[in-house]
Each structure stands twice: as C-alpha cells, then as structure tokens.
Asks: 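One structure follows; several queries about it will come next.
If you're wondering where the values come from, they're calculated on a predicted model, not measured in any experiment. Below, chain A is the first sequence line, B the second, and so on; all start at residue 1.
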Protein chains: 2
Amino acid sequence: MADFDPAEDELTPPPEGTGAISAHMTPDRQASHFKRARHARETEIIEDYVELIADLIDEQGEARAVDIAKRLGVTGATVNKMVARLKQMNLVNAEPYRSVFLTDEGREMAEASRERHHIVVALLRVVGVDEATAWADAEGMEHRCSPETLMAFKEFVKRHKS
Amino acid sequence: MADFDPAEDELTPPPEGTGAISAHMTPDRQASHFKRARHARETEIIEDYVELIADLIDEQGEARAVDIAKRLGVTGATVNKMVARLKQMNLVNAEPYRSVFLTDEGREMAEASRERHHIVVALLRVVGVDEATAWADAEGMEHRCSPETLMAFKEFVKRHKS
DNA sequence: TATAAAAGTTAGCCTTGACTAATAATTGTA
DNA sequence: TACAATTATTAGTCAAGGCTAACTTTTATA
Ligand SMILES: [Mn+2]
Ligand SMILES: [Mn+2]
Ligand SMILES: [Mn+2]
Ligand SMILES: [Mn+2]
C-alpha cells in the first residue's frame, strides 16, 4: 500500500512503435501508469462491497451478510472479515449478528460507484455491446476509468443516445 | 483460484431499478459476474508482465529484470519471484543471471494483450478521451473487456476512425 | 587484471482476500 | 416454549504480490 502517489502521477502520452516506449512514454511514466493500476486494484473490492450493500438496503431494506455473500459468490466468513474492514474504514456501521448499514461516507462512495457503473454500461451499449455483456464487463471496467474518462463517456452517451 | 468456471458463466441481462437486481439479474447471475471479475484480476498481472517482456525484447533485444522492474515500478526482488512463476506457467524461459525470453505460449499471450491494449486505447480516443488519459486508463481496462466487447470496440473504431 | 558498480538472487516479512471447519447466536416453527 | 434451521462469528490455512536487507554473480572500468 501507499505505493501510488497521485501527485507524481502525470498522465502520459502514447507510444509510436509497436512497443510502449517512445519519446513520450518513458520508463518512469509507464511505471506511474502501472502504479495507478495497482492502486485501482486495491480499491475495487471495497467499492463492490459498498455498492452492493447500498443495493441491498435500497431493495430489501437491509443488508444481511448472507445476502452479500450470495450476490458476491463468496462465503459468509469472507464477508464477515471484509465487513470488519469496512467498519474500520468508517464506511459501514455493523454490530454482531445484525445487518450492515452505510455511514454517510459509505453512502457517498456507493452512489459514486453506482453512477460510474451505470455510465460504463451506457457507454458499452452505445458502442454496440449487447446488454448482457455490458453488465458483465462493466463489473470490472467501472473501477478502472478515471474521472476524465467517465466524463467523456457521459458526454459521448448523451450525444449518441438517440 | 479455480473459482471461476466459464461453463456456468451465462451472461446476464440488466436491471431495471436503481439497484442491480431484477427479474433478469438474479443473485446467482450477479455472483457469476463478480466471479468473472475476480478471475480477471488474477490474470491481469501476468498479462502485464508478459506484454512488457515482449516490448522490451522487441525494443531492446532482451528483457532484463532490472528493466522490467523499472517500467513496472516494482523492486527487482518482486520481478525475480514473478519470473519464476511465469517460468512455472511455461510463459517464459529464464536462466539465473540471464535475461528473460518468451516461450511460444508467452509470445502468443503478449501479442494478444498488446492488441487488446491498442484496441482499448483506440476506442477511448474515438469517444473523446485525451491521449494521455487513454493510455493511463487502458492499462487497467484492457484486462476487463471480454472478447465480445473488444470486437465491438474494434468495429466501432473502424466506423468512426475518420 | 583487480576492483568497483550494477544486476540478480535469496530469505524473511507483510497485507489482502479467499477458503474450511467448528462454534455460537438468532429466528422460525411445531 | 422447545427445538431445528438459518445465520453469524471465529480460528486457522493458503496463495498472490508486494517489500527490505543481505548476499552473490556478472559486468564495466581504472
Ligand atoms: Mn459496481
Ligand atoms: Mn465492480
Ligand atoms: Mn497491456
Ligand atoms: Mn495492463
């Protein structure tokens, strides 16, 4: 952790040949892309949990561990441990044997995740991906799009929604 | 590992409300999306190593551990351990104190990864993402697009290349 | 050709995010 | 209200993918 420092993350122009390196893509800049990618990997699971907890609360009135486990396809033990982490991070409130609730911070993250998720699905649909595939692929892609890219997706979708 | 079985991975239609579940998005289907996503996370780092090794070989004639480390932004020790894993997986050939070479299988994976990487960048450019952001975001997104989505991207780019 | 610098290796540590198995608490039902 | 079924918790295990520090080998150069 603490491997990625946004301050030194200057976005990098593209290569010219087949490989990745050119005058614009120095080893250092490429390394910063990989660091950014590793950072995104770290937050992705947290985001999925929080978004799913919000979905359960909104759909069923509460988020029980057993339902979280069912929808994520993991065991209850895994959920239990992760909920403890989310609590530690002040994203949820949880008491033993009770269901899970979002803090204000958690709710905020959930809404943001949900919006990104939907933008990615919409973009995929607009460029011709079928609905089933769009929902499947968005589950991973959503975590790897920068705000800039999401904004571009949003505007592109708006222009091509017809 | 071995958590994702492509056979039972039926692609899933979308939700209707705000949350994720509807008649078409059952808990089971949503779980299969998450499993697919976890599977992609597992292979992503392997793909980055192999693609980078190919880049180094093509650009510099050989892939030395020190250069792999520099471009990935990790330590030499990390590269050493990972190269041992790649060798185990029959993706590279490597001897102590010598640089790393791709097996036929490794070269194949590298070419495929490279192509996906370029398709994703091209798609992002077409929908209005600037070049620097496109290269940064593609580093993560490239691993999370299904073949169906990549095909859609490819065709969309072809139609909108002008 | 010595010697210093650079590169590679190894051992040991850490966190994350899975798992199983055993146990405990809660909830539904006869 | 008992008791069974469901749900939650805890303890222990594991692999992946990072790290540092110490050491060895190779390579470059004085
Ligand atoms: Mn999501
Ligand atoms: Mn997701
Ligand atoms: Mn790539
Ligand atoms: Mn990548």
Asks: Name all residues meeting the side-chain contact (heavy atoms from CB on, under 4.5 Å) criterion together with R125(A); count only those two or more places apart in sequence or in a different chain, and write none if there are none.
Replies: V121(A), E131(A), A134(A)
Asks: To the nearest angstrom, how far is D48(A) atom CG from dT16(C) atom P?
Replies: 17 Å
Asks: Specify the separation, in whole Å, of atom CD of E62(A) and atom C1' of dA8(D).
Replies: 13 Å
Asks: N80(B) side chain N/O closer than 4.0 Å to the phosphate oxygens (OP1, OP2) of dT9(C)?
Replies: yes
Asks: Could you verify whether a donor N or O on one side chain and an acceptor N or O on the other, from S99(A) and E62(A), lie under 3.5 Å apart?
Replies: yes
Asks: Going by an N to O cut-off under 4.0 Å, is there a salt bridge joining R107(B) and D104(B)?
Replies: no
Asks: Figure out the CZ/P separation between R38(B) and dA15(D), and round it to whole Å.
Replies: 19 Å
Asks: Rounded off to whole Å, could you give me the CE-to-P distance for the M89(A) and dT15(C) pair?
Replies: 15 Å
Asks: Once side-chain contact (heavy atoms from CB on, under 4.5 Å) is applied, do any residues pair with L52(B), and if so which ones, sequence neighbours excluded?
Replies: Q30(A), L56(B), I68(B), R71(B), L72(B)
Asks: With sequence neighbours left out, write down each residue that passes side-chain hydrogen bond (donor to acceptor under 3.5 Å, both in side chains) with D28(A), or none if nothing qualifies.
Replies: none
Asks: Select from V66(A) and R41(B) the residue whose nearest nucleotide in DNA chain D is closer to the 5' end of that strand.
Replies: V66(A)
Asks: Nearest-Å distance, CG (L56(A)) to P (dT7(D))?
Replies: 13 Å
Asks: State which residues pass side-chain contact (heavy atoms from CB on, under 4.5 Å) with E95(B); sequence neighbours excluded, sorted by chain then number.
Replies: K87(B), R98(B)
Asks: Which residues satisfy the side-chain contact (heavy atoms from CB on, under 4.5 Å) test with S146(B), sequence neighbours excluded?
Replies: T133(A), D137(A), R36(B), E148(B), T149(B)
Asks: Below 3.5 Å is the cut-off: list the nitrogen or oxygen pairs between protein and nucleotides 25-28 of chain C, distance only.
Replies:
residue: dA25(C); atom: O4'; partner: Y97(A); partner atom: OH; Å: 3.1
residue: dT27(C); atom: OP1; partner: R98(A); partner atom: NH2; Å: 2.7

Asks: Between dG18(D), dG8(C), dC19(C), which nucleotide gets closest to the side-chain atoms of V74(A)?
Replies: dC19(C)
Asks: Can you tell me if T78(B) touches the phosphate of dG18(D), counting only side-chain N or O atoms and a distance under 4.0 Å to OP1 or OP2?
Replies: no
Asks: For a quick test of your reading: what N or O donor-acceptor pairs under 3.5 Å do the side chains of residues 153-161 of chain A make, sequence neighbours left out?
Replies:
residue: K154(A); atom: NZ; partner: E115(A); partner atom: OE2; Å: 3.1
residue: H160(A); atom: ND1; partner: F156(A); partner atom: O; Å: 3.0

Asks: What integer distance in Å separates I45(B):CD1 from dT16(C):C1'?
Replies: 12 Å
Asks: Rounded to whole Å, please give me the gap between CG in L72(B) and C1' in dA16(D).
Replies: 15 Å
Asks: Can you tell me which residue among E47(A), E42(A), E44(A) is in a side-chain hydrogen bond (donor to acceptor under 3.5 Å, both in side chains) with H143(A)?
Replies: E47(A)
Asks: Below the 4.0 Å mark, does dT7(D) have OP1 or OP2 next to a side-chain nitrogen or oxygen of R64(A)?
Replies: yes
Asks: Please output the side-chain donor-acceptor pairs of residues 74-81 of chain B that fall under 3.5 Å, not counting sequence neighbours, one pair per line with the distance.
Replies:
residue: T75(B); atom: OG1; partner: T78(B); partner atom: N; Å: 3.4
residue: T75(B); atom: OG1; partner: T78(B); partner atom: OG1; Å: 3.1

Asks: Quick one: on DNA chain C, does T43(A) or A63(B) contact a more 5' nucleotide (nearest heavy atom)?
Replies: A63(B)
Asks: Roughly, in whole Å, what's the span from CE in M82(B) to C1' in dC19(D)?
Replies: 13 Å
Asks: Pick out the pairs of N or O atoms, protein on one side and nucleotides 11-13 of chain D on the other, that lie under 3.5 Å.
Replies:
none

Asks: If you assign T75(A) and G76(B) each to the DNA chain C nucleotide with the nearest heavy atom, which residue ends up on the more 5' nucleotide?
Replies: G76(B)
